[in-house]
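Worth knowing before you read on, the calculation uses all heavy atoms, side chains too, and leaves out hydrogens, waters and symmetry mates.
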Amino acid sequence: MSFTSFLISLFTSAFISSTLLPGGSEALVVWGMTEWKERLWDIVLIASAGNTLGALVTYLIGLLIPNKVVQKKIELFKKWGPICLLFTWVPIIGDAFPLAAGWLRVNWILTAVLILIGKFARYAALAYGTSLFL
């Protein structure tokens, strides 16, 4: 597999896993690091970009939900506010945060920045942890 096709697969996996669909991109990140150690930051940036864009699609879906719908995760989001978007990487509940942000009409720029920070920190931590074992 070429590095370019790997990055396309990684982006796609990260994108899908950050929507409401199930999935995960961590295994691809770790495998990519074993194959292309010198391209660590490329891998982290592509995974972060795909994961962030997937979460923003979920945010857009939230914009389409009528304001009359109330869900448990939205109540959690209302309690803690946009800071929850830093934790969109957390399995199960994390995917609901961008949905809640869209539903609550949180500023999309603030949403994008907080999601990107959280996603990047997660992939950077994964890359760092993996590099300790390589």
Side-chain angles (χ1 to χ4, degrees):
M1 173 182 275
S2 73
F3 187 65
T4 302
S5 60
F6 164 73
L7 290 180
I8 292 168
S9 299
L10 177 61
F11 181 89
T12 303
S13 175
F15 180 90
I16 290 170
S17 68
S18 188
T19 64
L20 296 173
L21 300 172
S25 56
E26 296 81 6
L28 270 178
V29 169
V30 171
W31 179 76
M33 288 182 57
T34 62
E35 293 293 314
W36 298 282
K37 294 175 187 146
E38 71 284 354
R39 305 298 298 266
L40 167 81
W41 289 111
D42 294 333
I43 293 168
V44 169
L45 290 173
I46 292 297
S48 299
N51 223 229
T52 299
L53 290 174
L56 290 175
V57 166
T58 304
Y59 169 84
L60 291 173
I61 292 169
L63 287 175
L64 300 174
I65 298 174
N67 282 343
K68 295 176 185 174
V69 176
V70 178
Q71 298 174 0
K72 244 186 209 183
K73 307 302 188 291
I74 290 175
E75 292 302 319
L76 181 65
F77 189 90
K78 280 183 179 179
K79 179 179 179 183
W80 294 101
I83 201 75
C84 289
L85 294 168
L86 292 171
F87 300 97
T88 57
W89 58 269
V90 175
I92 301 170
I93 65 166
D95 292 339
F97 292 145
L99 184 72
W103 184 76
L104 293 169
R105 309 309 193 251
V106 174
N107 178 284
W108 75 270
I109 294 173
L110 175 63
T111 298
V113 168
L114 290 172
I115 289 171
L116 179 61
I117 290 169
K119 302 286 189 179
F120 181 82
R122 173 253 200 122
Y123 283 115
L126 178 63
Y128 176 74
T130 301
S131 70
L132 294 176
F133 295 102
L134 295 179

Would you say Ile115 and Pro98 make side-chain contact, with heavy atoms under 4.5 Å?
yes
Qualifying residues under side-chain hydrogen bond (donor to acceptor under 3.5 Å, both in side chains), relative to Ser25, sequence neighbours excluded
Tyr123
Under a single-linkage definition using a 4.5 Å side-chain heavy-atom cutoff for Ile, Leu, Val, Met, Phe, Trp and Tyr, are Ile93 and Trp89 assigned to the same hydrophobic cluster?
yes
When clusters are formed by joining ILVMFWY residues with side-chain heavy atoms under 4.5 Å apart, either directly or through shared neighbours, do Ile8 and Phe3 land in the same one?
no
Evaluate the side-chain proximity of Leu56 to Leu60: yes if any heavy-atom separation is below 4.5 Å, no if none is.
no
Looking at Trp31, is its backbone amide N or carbonyl O close enough to the side chain of Thr34 to form a donor-acceptor pair, meaning the two atoms are under 3.5 Å apart?
yes
Using modelled atom types only, decide if a donor and an acceptor are shared between the side chain of Ser48 and the backbone of Val44 within a distance under 3.5 Å.
yes
Just say parallel, tilted or perpendicular for the rings of Phe15 and Phe11, cut-offs at 30° and 60°.
parallel
Spatial distance of atom OG1 (Thr52) from atom CG (Leu116) [nearest 0.5 Å]
4.5 Å
How about Arg39 and Phe6: do any of their side-chain heavy atoms sit closer than 4.5 Å?
no
Trp41 vs Phe120 aromatic rings, parallel, tilted or perpendicular, using cut-offs 30° and 60°?
parallel
Is Thr58 reaching over with its side chain to a backbone N or O of Ala96, donor-acceptor style, under 3.5 angstrom?
no
Please name all residues satisfying side-chain contact (heavy atoms from CB on, under 4.5 Å) with Trp108, sequence neighbours left out, ordered by chain then number.
Tyr59
So, does Ser18 use its side chain to make a donor-acceptor pair with the main chain of Ala14 at under 3.5 Å?
no
I'd like to know if Val57 and Leu64 are part of one continuous hydrophobic network [Ile/Leu/Val/Met/Phe/Trp/Tyr, side-chain heavy atoms within less than 4.5 Å].
no
Going only through I, L, V, M, F, W and Y residues with side-chain contacts under 4.5 Å, is there a path from Leu40 to Leu132?
no
